[in-house]
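Proteins get letters first, then strands, A, B, ... in listed order; numbering begins at 1 in each.
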There are 2 protein chains.
Amino acid sequence: MSAKTHGLIDLLREAAWLFGNKAFDGSCCEGLSFMEYQALAEIQRSEDCPIQGVAKAIGFTKSGATRIVDRLERKGHVRKRRSPVDGRVCCVALTRRGKDATAAIMRSYAAYLGDVLKELDVRSAKRIAGSLESLIAAARRPRTASR
Amino acid sequence: MSAKTHGLIDLLREAAWLFGNKAFDGSCCEGLSFMEYQALAEIQRSEDCPIQGVAKAIGFTKSGATRIVDRLERKGHVRKRRSPVDGRVCCVALTRRGKDATAAIMRSYAAYLGDVLKELDVRSAKRIAGSLESLIAAARRPRTASR
DNA sequence: GATTATTGGTTGCCATTGTCAACTAATTAT
DNA sequence: ATAATTAGTTGACAATGGCAACCAATAATC
């Protein structure tokens, strides 16, 4: 493994920490944890999201998903209804409050990144976004062996 | 907030998940969690690391650091000695096993990123590393208000 | 030099979090 | 009509990390 790869990996790990769980403590995030926000983001993305949709998106078992959705519901960010077409599935959706919260968190997250994002010109932002996209794609791509 | 910033933030959040806790489950990582590996990396970086050094590096309280170091010691990745100069502080260092484990994890982590890293030419790697470095620097920089 | 304050580390107790397996209820297949 | 499947929930549990009280060693003060 080259030194280049080695360094990149360390940077990724560090970034994963700084922008992940670490970024979601303290008073910033409407009292939501990182994973709660991940769930919220998925629920926002797919309107009328079933529990297992949440589970899949955030890599939890379905019981874990039940629990995180319950928590979000208790906090008022989400509402859960029985589907009218199939009485087994839940339709989870953001409430007004949930939408406000995600918007607020997005602002706060941006502030956290501070000057850098503000000062980025469009080309640099594209460049970084492109890098991240390929990395994410690589990580998402189903792998055969190892791990 | 511009759309550009918005998209970048989502990418960062996704990357933080994929390369953080998520990357460290399953059978890949010598049975270590993400935070355990973070601690291990810090201990490797600063030879004869005191407990509070670990705490500071990974954002835990000192009791949390005690716990994670104990866990690593029990698993045989780390040894803990009393400092000869100051009987209060611990000197934590990697064992042979710990060094092997970090190397193995590094390999596995690289494999996880799969083809992308392998195919990166030096210039692209530098570009990505540069982006991540500025983002990390921005996140590390002490901020005054908000959050 | 003895006493007090400080500092590094540990521990008991606790809350949070997420898994597993067993369960219920609704739907689909036979 | 009955059996099999599927979505979701729940009880019991293990892992994790914080808080505050604690111990022991060093540093500061008299």
Side-chain angles (χ1 to χ4, degrees), chain A residues 17 20-40 42-43 46 48-75 77-93, chain B residues 16-17 20-27 29-40 42-43 46 48-75 77-93:
Chain A
W17 178 59
N21 294 315
K22 175 66 170 27
F24 278 77
D25 56 4
S27 57
C28 68
C29 305
E30 314 281 314
L32 296 176
S33 70
F34 181 56
M35 289 314 294
E36 282 169 350
Y37 183 70
Q38 291 274 92
L40 222 52
E42 170 64 17
I43 293 165
S46 101
D48 272 350
C49 186
I51 297 281
Q52 317 229 35
V54 177
K56 179 136 194 225
I58 67 179
F60 278 14
T61 62
K62 58 183 184 166
S63 81
T66 295
R67 298 231 142 95
I68 207 168
V69 168
D70 281 356
R71 235 149 55 217
L72 289 171
E73 191 176 36
R74 233 174 301 124
K75 292 179 186 171
H77 295 295
V78 136
R79 73 161 173 66
K80 192 163 64 171
R81 297 215 184 104
R82 235 57 211 196
S83 160
V85 276
D86 184 335
R88 290 170 301 182
V89 320
C90 284
C91 296
V92 185
Chain B
W17 177 58
N21 295 316
K22 175 67 170 27
F24 278 76
D25 56 4
S27 57
C29 305
E30 313 282 314
L32 295 176
S33 70
F34 181 56
M35 290 314 294
E36 281 169 350
Y37 183 70
Q38 291 273 92
L40 222 52
E42 169 64 17
I43 292 165
S46 100
D48 272 349
C49 186
I51 296 280
Q52 317 229 33
V54 177
K56 178 137 195 224
I58 66 178
F60 277 14
T61 62
K62 58 184 183 168
S63 82
T66 295
R67 298 228 144 95
I68 208 167
V69 168
D70 282 355
R71 235 149 56 217
L72 289 171
E73 190 176 36
R74 234 175 299 124
K75 291 178 187 170
H77 296 294
V78 137
R79 76 162 170 65
K80 191 164 63 169
R81 295 213 186 108
R82 237 54 213 200
S83 160
V85 276
D86 184 335
R88 292 168 299 180
V89 319
C90 286
C91 296
V92 185

Close N/O contacts between protein and nucleotides 28-30 of chain C (under 3.5 Å):
none

Practice problem: Ignoring backbone atoms, establish whether B/Arg71 has a side-chain N or O less than 4.0 Å from OP1 or OP2 of D/dG17. | Solution: yes

Quiz item: Whole-Å distance between C/dT16 C1' and A/Lys75 NZ?
Solution: 10 Å

Exercise. Report the distance from atom CD1 of B/Ile51 to atom C1' of D/dA25, rounded to the nearest whole Å.
Key: 16 Å

Self-check item: For A/Arg88, salt bridge (charged side-chain N to carboxylate O under 4.0 Å, His left out) partners two or more places apart
Solution: A/Asp86

Exercise. Find the bend of the helix from C/dG1-D/dC30 to C/dT30-D/dA1 as the angle between its two terminal axes (five pairs each), to the nearest 10°.
Key: 10°

Quiz item: Once you round to the nearest 0.5 Å, how far does CD1 of A/Ile68 lie from CD1 of A/Ile51?
Solution: 10.5 Å

Exercise. Tell me, please, which residues at least two apart from A/Ser33 pass side chain to side chain contact (heavy atoms under 4.5 Å, CB included).
Key: A/Met35, A/Glu36

Using a cut-off of under 3.5 Å, enumerate the N/O to N/O pairs linking the protein to nucleotides 10-13 of chain D.
| from | atom 1 | to | atom 2 | distance (Å) |
| --- | --- | --- | --- | --- |
| D/dG11 | N7 | A/Arg67 | NH2 | 3.1 |
| D/dG11 | O6 | A/Arg67 | NH1 | 3.0 |
| D/dG11 | O6 | A/Arg67 | NH2 | 3.4 |
| D/dA12 | N6 | A/Arg67 | NH1 | 3.4 |

Self-check item: d(CZ, A/Arg74; P, C/dT16) in whole Å
Solution: 10 Å

Quiz item: Given that A/Ala65 and B/Cys90 both sit by DNA chain C, which one's nearest nucleotide is further toward the 5' end?
Solution: B/Cys90

Quiz prompt | Qualifying residues under side chain to side chain contact (heavy atoms under 4.5 Å, CB included), relative to A/Ala55, sequence neighbours excluded | solution = A/Ala65

Exercise. Taking the side chain as every heavy atom from C-beta outward, state whether B/His77 and B/Ile43 have any atom pair closer than 4.5 Å.
Key: no

Quiz item: Counting distance only, does the side-chain N/O of A/Arg82 pair as donor-acceptor with the main-chain N or O of A/Gly87 below 3.5 Å?
Solution: yes

Self-check item: salt bridge (charged side-chain N to carboxylate O under 4.0 Å, His left out) partners for B/Lys56, two or more places apart
Solution: none

Self-check item: B/Lys80: partners by side-chain hydrogen bond (donor to acceptor under 3.5 Å, both in side chains), with sequence neighbours left out
Solution: B/Asp70

Quiz item: For A/Arg79, what residues pass the salt bridge (charged side-chain N to carboxylate O under 4.0 Å, His left out) criterion, not counting sequence neighbours?
Solution: A/Asp48

Quiz item: Where along residues 52-61 of chain A does a heavy atom fall under 4.0 Å from DNA chain D?
Solution: A/Gln52

Quiz prompt | Sequence-distant partners of B/Ala16, side chain to side chain contact (heavy atoms under 4.5 Å, CB included), two or more places apart | solution = A/Phe19, A/Phe34

Quiz prompt | Side-chain N,O (B/Lys80) to OP1/OP2 (C/dG8) below 4.0 Å | solution = no

Quiz item: Taking only residues two or more places apart in sequence, or in another chain, which ones meet A/Glu42 in a side chain to side chain contact (heavy atoms under 4.5 Å, CB included)?
Solution: A/Arg45, A/Ser46, A/Cys49, A/Ala57

